[in-house]
Amino acid sequence: MTEVRVRFPPSPTGYLHIGGARTAILNWLYARKHNGKLILRIEDTDAERSTKESIEGIIDGLTWLGIDWDEGPYFQTDFSEDHARAAQKLLESDQAYKCFCTKEELEAKREAAMAAKQDVKYDGTCRNLSPEEINAKESAGIPSVIRFKVPHKEGVVGYDDKVLGRIERKYTDIEDFVIVRSNGKPLYLLCNVVDDIRDRISHVIRGQDHLTNTTRQLLLYEALDAPIPTFAHMPLTLDLKKAKISKRSHGEIVAVQFYRRKGFIPWALVNFLVLLGWNPGTEQEIFTKEELIEAFTLERINKSHSIFNYRKDDPKFFTDPKAININAHYLRTMPIEEIGILVKKELQEAEIWDDAYDAEKKEWYLQTLDMIRDRFHTLNDFTTSGRAYFADDFEIEEKALNKNLLKHPDLKEWLPMLADRFDALPEFNKESAEQAARDFAEEIGVKPGIPINASRAAITGLVKGPSMFELFAHMGKEKVVKRLRDSGKYFKN
């Protein structure tokens with residue numbers, strides 16, 4: 001195999017969405033698998049829609065995901081002269097021609113073809129204009145586009161797709177397509193091919209929505225006397241209604257930065273997005289970076305489109321449940337020091353970070369994360385459901401309030417009384433706190449679970465969590481006593 005050179009060429013007309021991210025990831029995996037190069041090329045020729053903010057967003061999104069590139073970012077507009085020279089070369093070699101048909105004329109041709117139930121494609125009106133006719137039209141100021149001259153011959157344009165197998169299209173089914181607009185600017189079809197030739201791209205890994213482009217681009221490669229890369233067309237990412245996921249139709253729910261804000265671990269999102277369009281041939285779903293690079297092959301990219309089960313009606317499971325579950329797995333299993341770094345950023349943004357966690361309280365901080373992470377799904381959970389561990393201004397879950405704290409009317413008096421028992425303990429640890437709580441329950445004549453579960457609600461705001469007695473000891477006497485004494489605020493007078 002020659003050097004593997006792949007590219008990710010996003011259009012900077014919005015944020016990096018999960019479909020684009022998946023394309024970048026699969027190209028990155030293939031490059032890393034074969035010790036090749038990934039080129040980042042920003043296709044910014046759409047001047048009206050391309051923005052600096054979008055470019056920054058794409059680069060920031062890729063960086064956050066951990067997708068690094070070896071060359072670039074290159075910008076397509078920097079190579080406009082290359083595109084113009086290629087168009088001129090095709091004109092001079094009689095493989096392209098100037099077309100002077102107006103929009104009105106083309107629309108009339110289209111309507112006539114539809115009325116006759118014929119294929120709607122350009123009929124080649126300007127294909128064989130003489131030099132004199134061309135000069136006359138240009139002298140009259142009639143604008144023109146440049147069309148590629150598709151060979152008039154039998155047979156097919158074909159290639160072996162690494163995902164879909166053999167793809168063929170008859171020459172007679174391909175119209176003479178436009179490669180340069182009337183304003184002199186080359187179109188994507190030509191620019192993309194010229195850029196891939198210049199960048200020595202060996203493999204084009206992209207979505208199946210480019211299938212109609214590929215056969216036309218094969219003709220351009222041949223006309224420009226350039227080697228043709230290997231193609232692999234990935235399935236598209238669809239929503240539950242089988243519509244293609246897009247920035248315009250689905251909004252921020254499909255933006256990479258949305259998942260960053262929602263508390264996803266970068267590699268967890270990468271892991272999920274790979275599985276949207278590829279399978280390893282085994283039951284394995286969780287991969288380290290090294291495992292995924294080793295396992296990845298183009299041949300195991302799915303042929304059928306994948307379904308992205310996004311949801312807007314559930315604040316907890318706001319997106320594909322599989323994505324949530326994979327992220328939760330990483331929260332449970334990553335080294336606690338790595339989780340500590342990620343959660344620190346969340347706590348800082350929530351303005352509840354204590355610098356002491358970096359020094360004398362570091363061990364307590366990491367132990368806290370280890371105690372509570374098994375029930376969490378995203379990093380955001382540490383500042384919402386887990387806020388009580390790091391701040392005194394936390395909200396109590398409605399279920400914890402009604403099921404545990406308000407379960408018995410006398411808990412309003414009992415919890416401060418339990419606080420006094422704790423406060424009087426010479427040593428406050430798991431064993432002494434448990435004994436004091438059970439003795440207190442026996443004295444007031446109730447099951448131990450009543451004051452103990454109510455204590456959890458008052459101390460953490462949650463209905464479930466770590467062992468209550470471990471929690472007492474971990475939170476410390478001062479905090480436990482204060483929150484139990486303050487619990488009266490939750491009761492109606």
Hey, what do you get for [atom1] ([X]) to [atom2] ([Y]), rounding to the nearest 0.5 Å?
| X | Y | atom1 | atom2 | result |
| --- | --- | --- | --- | --- |
| L462 | N404 | CG | CG | 10.5 Å |
| E71 | I39 | CD | CD1 | 4.5 Å |
| I179 | L220 | CD1 | CG | 6.5 Å |
| T282 | R300 | OG1 | CZ | 8.5 Å |
| L238 | H305 | CG | NE2 | 5.5 Å |
| L331 | E338 | CG | CD | 12.0 Å |

L418/F422 under side chain to side chain contact (heavy atoms under 4.5 Å, CB included): CA gap, chis, key distance, verdict: CA-CA 6 Å; L418 180 58; F422 286 156; 3.8 Å; yes
Verify whether one side chain among [X] and [Y] offers a donor that lies under 3.5 Å from an acceptor in the other.
| X | Y | value |
| --- | --- | --- |
| R169 | T214 | no |
| D354 | Y365 | no |
| T63 | D60 | no |

Centroid separation under 6.0 Å, is that true for the rings of [Y] and [X]?
| X | Y | value |
| --- | --- | --- |
| H83 | F79 | no |
| F296 | W28 | no |
| H17 | F308 | no |

So [Y] and [X], do their side chains get closer than 4.5 Å, heavy atoms only?
| X | Y | value |
| --- | --- | --- |
| P229 | Y221 | yes |
| L379 | V343 | yes |
| S202 | T230 | no |
| S54 | Y15 | no |
| W69 | F8 | no |
| D423 | F428 | no |
| M475 | I459 | yes |
| P466 | I372 | yes |

Would you call [X]-[Y] a salt bridge at under 4.0 Å N-O?
| X | Y | value |
| --- | --- | --- |
| E395 | R387 | no |
| D70 | R5 | no |
| K489 | D486 | no |
| E299 | K162 | yes |
| D355 | K361 | no |
| E478 | K482 | no |
| D374 | R332 | no |
| D196 | R41 | yes |

Could you check whether any side-chain N or O of [X] sits under 3.5 Å from a backbone N or O of [Y], counting only pairs where one atom can act as donor and the other as acceptor?
| X | Y | value |
| --- | --- | --- |
| N453 | V463 | no |
| N27 | I205 | yes |
| N183 | K185 | yes |
| K33 | E294 | yes |
| N302 | S304 | no |
| N327 | A323 | no |
| W364 | H474 | yes |
| Q284 | I286 | yes |
| T45 | T77 | no |
| D44 | S50 | no |

Distance under 6.0 Å and angle within 45° of ring axis: R421 vs F440: no
If you compare all heavy atoms of [X] against all heavy atoms of [Y], which two are closest, and at what distance to 0.1 Å?
| X | Y | value |
| --- | --- | --- |
| A436 | L425 | CB-CD1, 4.1 Å |
| L62 | A24 | CD2-CB, 3.7 Å |
| P10 | L40 | CD-CD1, 4.0 Å |
| P451 | L411 | CA-CD2, 4.1 Å |
| P280 | L275 | CD-CD2, 4.5 Å |
| K430 | E470 | NZ-OE2, 3.7 Å |

Flag if over 12 foreign heavy atoms under 6.0 Å of CD, E363: no
Greater than 12 external heavy atoms within 6.0 Å of K407's NZ: no
Audit row: D209, K244, salt bridge (charged side-chain N to carboxylate O under 4.0 Å, His left out) steps and yes/no: CA-CA 10 Å; D209 50 341; K244 180 185 173 183; 2.7 Å; yes
Ring pair (Phe, Tyr, Trp, His ring centres under 6.0 Å) pairs, two or more places apart, involving residues 389-410: H408-W414
Plane angle bin for Y357 and W353 - parallel if under 30°, tilted between 30 and 60°, otherwise perpendicular: perpendicular
Test salt bridge (charged side-chain N to carboxylate O under 4.0 Å, His left out) applied to D195 and R198, step by step: CA-CA 5 Å; D195 292 339; R198 183 193 60 253; 2.8 Å; yes
Intermediate values then yes/no, side chain to side chain donor-acceptor pair (under 3.5 Å), S455 and R483: CA-CA 9 Å; S455 296; R483 291 185 180 180; over 6 Å; no
Residue that, paired with F264, satisfies ring pair (Phe, Tyr, Trp, His ring centres under 6.0 Å) out of F258, W64, F272, Y259: Y259
For residues 344-351, tabulate all N or O donor-acceptor pairs below 3.5 Å that involve a side-chain atom, not counting sequence neighbours.
unit_1 : atom_1 : unit_2 : atom_2 : d
K344   : NZ     : D358   : OD2    : 3.1
E346   : OE1    : N380   : ND2    : 2.9

Y159 vs I228, side chain to side chain contact (heavy atoms under 4.5 Å, CB included): CA-CA, chis, key distance, verdict: CA-CA 10 Å; Y159 61 98; I228 297 174; over 6 Å; no
Salt bridge (charged side-chain N to carboxylate O under 4.0 Å, His left out) between R375 and D381, intermediate numbers included: CA-CA 9 Å; R375 296 183 182 275; D381 290 338; over 6 Å; no
